[in-house]
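The residues of the chain are indexed from 1 along the displayed sequence. Small disclaimer: the values here were computed from a predicted structure and weren't measured.
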Amino acid sequence: DRDTDKKRIEELLEENMVLEIAQKQSMNESAHLGWELEQLSKSTDLADTRKSFVFELNECASSRILKLEKDNQSLQNTIQELRDASLTSRESSLKFVELEKENQQLSKKIEKLQNQIEKEKQSNQDLETLSEELIKDKEQLQVVMETLKADKDRQVQTLQ
């Protein structure tokens, strides 16, 4: 009976050590998952800041485009007035050429800004997609962390 009891005590001690090691590993994994979750949270905050910045850039670019379009319309009205007045003097001809050049420059600026807005919109969509993926990953990590915590709690209760 004593030999059997000694063997049983040794088996229980071994099993206890294995459970302690498993508990430590589980706690380390939980801590690591917590850290990863914190990093994901920081990344999400960064993505929100980026979205805000992109939104501001889009607003600024849109404002500049509207201003340039207004200037362009004003120049076209001036050109039309000059045409209507049929001024044939050299001075009006030079002014007309100058206004045409300025109009072309403004048209190019508008086109560049529209391209930039399109790129920013695409970037914003990419960031939104990334943000959604990060949120899904975060939720999955939370589920895993809760499962690990429940397993750890069960193991602790079993050890006690």
Test of understanding: clusters of I, L, V, M, F, W, Y form through side-chain heavy atoms closer than 4.5 Å, transitively. Do Leu40 and Leu130 belong to the same one? yes
So with a 6.0 Å cut-off around [atom1] of [X], is the heavy-atom count from everything else above 12?
| X | atom1 | value |
| --- | --- | --- |
| Glu111 | CD | no |
| Asp3 | CG | no |
| Lys109 | NZ | no |

*Tell me, with the steps shown, if Thr129 and Glu133 meet side-chain contact (heavy atoms from CB on, under 4.5 Å).*
CA-CA 6 Å; Thr129 302; Glu133 290 173 4; 3.7 Å; yes
Check your understanding: Do any pairs count as a side-chain hydrogen bond (donor to acceptor under 3.5 Å, both in side chains) and have a residue in residues 17-30, sequence neighbours left out, and if so which ones?
Key ->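 side-chain hydrogen bond (donor to acceptor under 3.5 Å, both in side chains) check on residues 17-30 returns no pairs.
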To the closest 0.5 Å, what do you measure between [atom1] ([X]) and [atom2] ([Y])?
| X | Y | atom1 | atom2 | value |
| --- | --- | --- | --- | --- |
| Gln73 | Leu106 | CD | CG | 12.0 Å |
| Gln122 | Leu127 | CD | CG | 10.0 Å |
| Asp5 | Arg2 | CG | CZ | 9.5 Å |
| Ile110 | Leu113 | CD1 | CG | 8.0 Å |
| Lys101 | Gln105 | NZ | CD | 9.0 Å |
| Gln125 | Lys121 | CD | NZ | 9.0 Å |

Lys/Arg-Asp/Glu bridge criterion (N-O < 4.0 Å) met for [X], [Y]:
| X | Y | answer |
| --- | --- | --- |
| Arg154 | Asp151 | yes |
| Glu38 | Lys42 | yes |
| Arg8 | Glu11 | yes |

Practice problem: Indicate yes or no for a side-chain donor-acceptor contact from Ser123 to the backbone of Lys119 under 3.5 Å, with no hydrogens or angles considered. | Solution: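 Checked: no pair found.
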**Asked** In terms of side-chain heavy atoms, does Gln157 have a donor or acceptor partner in Asp153 at a distance below 3.5 Å?
**Response** no
Of all heavy-atom pairs linking Leu37 and Met145, the shortest is CD2-CE, 4.0 Å
